[in-house]
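Below is one structure, written out as structure tokens, with a few remarks after it.
In what follows, chains are A, B, ... by sequence order, proteins preceding strands, each numbered from 1.
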Protein chains: 2
Amino acid sequence: MVKGPTVYDVAELAGVSIATVSFTFRQPHRVRQSTREAVLAAAQALNYLPSGNARGLARGRTGALGIYSFDFYFLDDPASAGGAGTRAAAPAGSDPNADYRVFPLYVDEVQRGVALECWRRGYTLMVGGGNRTTGRTAIADIAGQVDGLAVFPRTVPVEVLSLISRRIPVVELSEPSHDDSLHHVTVDNAAGMHALTTHLITAHGLRDLQFAAPRDPWSDFQLRFRGFQAALAEAGLPVPERPVTEGDGAPQSAEALAAALLAGGRLPDGIVCAHDEYALPLIDALLRRGVDVPGRVAVTGFDGIVAGRLQRPQLTTVRQPMEQMGRTAAAILIDGFEDRTLPPQSRQLPVEVVLRESCGCPPA
Amino acid sequence: MVKGPTVYDVAELAGVSIATVSFTFRQPHRVRQSTREAVLAAAQALNYLPSGNARGLARGRTGALGIYSFDFYFLDDPASAGGAGTRAAAPAGSDPNADYRVFPLYVDEVQRGVALECWRRGYTLMVGGGNRTTGRTAIADIAGQVDGLAVFPRTVPVEVLSLISRRIPVVELSEPSHDDSLHHVTVDNAAGMHALTTHLITAHGLRDLQFAAPRDPWSDFQLRFRGFQAALAEAGLPVPERPVTEGDGAPQSAEALAAALLAGGRLPDGIVCAHDEYALPLIDALLRRGVDVPGRVAVTGFDGIVAGRLQRPQLTTVRQPMEQMGRTAAAILIDGFEDRTLPPQSRQLPVEVVLRESCGCPPA
DNA sequence: TTGAAAGCGCTAACAC
DNA sequence: GTGTTAGCGCTTTCAA
């Protein structure tokens with residue numbers, strides 16, 4: 001609990017120099033067995049525990065990777081504060097069967113991949129993040145303590161990222177949007193959405209499709225939208241020029257979108273959502289308004305989060321290899337740190353269409 | 001990517017001392033506005049990013065908590081290497097609907113709680129762990145870099161824990177088993193299992209109940225067993241003296257247990273498992289052998305992991321407030337670090353019986 | 001309000 | 001094989 005013993009204490013007790021103490025732990029073979037034992041005994045007796053900070057400082061590396069998962073998207077969406085997007089604590093006494101909407105999300109599965117790869121290579125993972133309700137940690141605090149940093153898009157201001165990337169490798173888990181000097185890990189968004197859209201058209205005969213996305217979509221969502229458009233064009237169907245969203249001024253929420261779609265009086269045959277977290281509450285909102293899903297309108301997602309399987313009807317989606325993405329990101333960071341000369345990498349992983357009930361397919 | 005600028009560089013460019021640079025960032029009000037601006041400008045120009053290690057070393061604190069989630073239980077269980085317990089990578093190309101067995105588990109939900117509380121209080125979380133397949137990180141490496149450490153039971157040798165606890169607060173997420181000097185966060189295991197067992201007896205009329213647990217159960221499991229026994233005793237039913245397990249010599253696995261139960265020819269009415277991760281593969285194994293669950297035999301778990309809801313039949317269990325446990329652990333660590341005089345805390349949280357299909361209740 | 005200087009605990013040359 | 005001795009980059013008295 002208090003100030004612990006240091007190399008000096010151990011050295012003194014063992015009757016050797018501090019260098020020998022250090023060697024004993026880092027390069028045991030370079031130390032004579034008898035002295036090694038003496039040092040170990042002294043360390044044992046004193047409850048010696050080396051300071052990670054001091055080691056990191058002296059060695060110029062920390063043996064840790066960092067990940068920052070603050071979710072700006074939902075942060076910007078006060079209207080969803082009680083919905084799926086909120087990364088806050090589940091309200092006490094809430095339905096123990098309903099909290100799967102909050103965890104695990106996309107970021108959590110990716111993070112797990114990062115952690116696994118870290119451990120495999122002997123690194124630890126430092127995670128920072130938060131949101132409006134939980135509070136947050138500063139990225140600077142974590143950037144200063146790790147050998148590499150993984151971030152989700154729209155999580156940290158670009159200037160800050162490029163600042164950090166001048167010191168340690170940084171990988172962003174998204175399509176490279178602007179010409180940054182960061183590494184990137186992403187998936188084939190366009191192809192995935194194209195395949196899914198084509199399925200809706202050919203297997204379910206849908207003709208009137210819309211793409212639903214948050215009002216301010218980022219690059220990955222844009223690519224998904226392009227894939228959607230391309231599939232419609234190829235099928236000779238009308239191609240929406242832009243995604244449907246919650247209407248200006250209206251609060252950004254599934255409720256608002258559902259209401260808008262119904263008020264317009266022109267509900268499409270299918271609503272292709274930019275991602276699962278957008279589709280799930282939308283399905284709820286439609287159902288609540290008496291709209292049959294998928295009977296009247298099919299709704300699909302993108303990501304493949306666990307909640308989609310617990311949803312009724314089960315969510316048809318495009319699954320990202322989240323764990324693999326995390327692993328890849330970690331691998332890039334570690335390699336990038338150990339060989340400072342590597343140029344920015346950009347890796348794209350494949351996706352997989354997962355057919356479940358919400359598009360009209362039979363239950364699995 | 002390379003060695004970044006330091007306080008010295010910034011100080012030189014701004015024409016001040018390093019102390020002033022430090023003050024500018026940590027106690028801005030103590031610095032005259034004009035000099036503050038000069039320092040900030042210099043820092044900006046140089047892409048200055050403070051070193052977390054150096055700060056930690058100088059201040060004697062790191063602003064990070066640690067959690068170690070290496071899972072010894074499954075580690076010791078080679079037979080489950082392809083099963084639910086393995087915390088390895090999901091095999092490539094595997095059924096995208098089947099990996100929920102691997103993530104999120106109990107430890108992941110607790111960890112999330114720890115992370116949330118860390119962020120709320122301005123801390124970061126360093127996670128270490130691993131298993132036989134993924135490799136692992138040494139706890140010493142993480143202990144040396146954090147202000148407090150949370151560990152799951154049987155994850156780290158006790159000697160190591162008490163060594164670490166002499167320097168920083170340590171909370172173990174289990175019943176205090178031996179007289180250690182650690183903090184503890186746990187749940188009312190006995191009451192939970194008692195309530196569940198009573199439900200099986202009174203609501204479903206089961207009379208012949210067995211308790212299934214891994215061969216080497218730890219203290220929490222023992223308490224659950226006691227709760228189970230107490231409920232039987234109160235109902236005037238036969239009370240097993242010990243849990244059923246996989247039989248000596250046999251590989252520890254659900255398959256082995258199922259085979260043993262059937263071979264014995266005396267399948268009970270209900271099998272109360274020590275935790276969900278034990279119940280899930282057991283249900284699979286029974287079903288595979290043509291045994292109807294819950295028709296012929298009811299099977300229940302403990303924990304309330306997500307996989308239990310995706311299981312068919314859905315798993316009846318006792319839910320632990322995992323997020324809350326994590327939050328509590330983090331709070332104890334932070335308080336314990338900030339006030340080194342606090343004695344070891346031991347907090348017990350309530351649990352909740354969750355009735356689903358596997359005990360014979362109707363689907364939710 | 002700012003500067004000088006002494007650490008924080010460890011690593012890694014470089015000598016012996 | 002072991003000791004000496006610089007740092008690593010920042011915080012923090014204590015003086016000025």
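Side-chain contact between A:T186 and A:S174: absent, with no pair of heavy atoms (C-beta onward) separated by less than 4.5 Å.
For the pair A:S51 and C:dG9, the criterion of a side-chain N or O lying under 4.0 Å from OP1 or OP2 is not met. Between B:T20 and C:dG3 there is a side-chain N or O to OP1 or OP2 distance below 4.0 Å.
For the atom pair CZ (A:R327) and CG (A:L116), the distance works out to 5.0 Å, reported to the nearest 0.5 Å.
One can place CG of B:L57 at 17 Å from P of C:dA6, the figure rounded to the nearest angstrom. Remark: C1' of C:dT11 and CZ of A:R61 are 13 Å apart, rounded to the nearest angstrom. In this structure, B:F23 places its CZ atom 9 Å from C1' of C:dG3, rounding to the nearest Å. Atom pair B:N53:CG and C:dC8:C1' shows a separation of 12 Å (rounding to whole Å applied). Whole-Å rounding puts the B:Q33 CD to C:dT2 P distance at 11 Å.
Using a 4.0 Å heavy-atom distance criterion, B:Y48 is classed as a sugar-phosphate-only contact. Contacts of B:V16 with the nucleic acid, taken as non-hydrogen atoms under 4.0 Å apart, involve only primed sugar atoms and P, OP1 or OP2. Nucleic acid contact for B:S22: base, since at least one base atom lies under 4.0 Å from a heavy atom of the residue. Within 4.0 Å of A:R30, counting heavy atoms only, lies at least one base atom of the nucleic acid.
Mapping A:Y8 and A:G15 onto DNA chain D by nearest heavy atom places A:G15 at the nucleotide closer to the 5' end. Both B:V31 and A:P5 lie close to DNA chain C; mapped to their nearest nucleotides by heavy-atom distance, the more 5′-ward contact belongs to B:V31. In terms of position on DNA chain C, the residue among B:R32 and B:R59 whose nearest nucleotide sits closer to the 5' end is B:R32.
The environment of A:Q345 atom CD is dense: over 12 non-hydrogen atoms of other residues, nucleotides or ligands sit within 6.0 angstrom.
Salt bridge status for B:R112 with B:E109: absent, with no side-chain N to carboxylate O gap under 4.0 Å.
Mapping heavy-atom proximity under 4.0 Å, the span of DNA chain D touched by chain B runs 5' to 3' from D:dG9 to D:dT13.
Ring centroid separation for the pair A:Y48 and A:F25 comes in under the 6.0 Å cut-off.
Side-chain atoms of A:T6 lie closest to C:dG9 of the nucleotides C:dT2, C:dA13, C:dG9.
Cation-pi geometry between B:R167 and B:F337 is not satisfied (NZ or CZ under 6.0 Å from the ring centre, within 45° of the ring normal). By the 6.0 Å and 45° rule, B:R154 does not stack over the aromatic ring of B:Y68.
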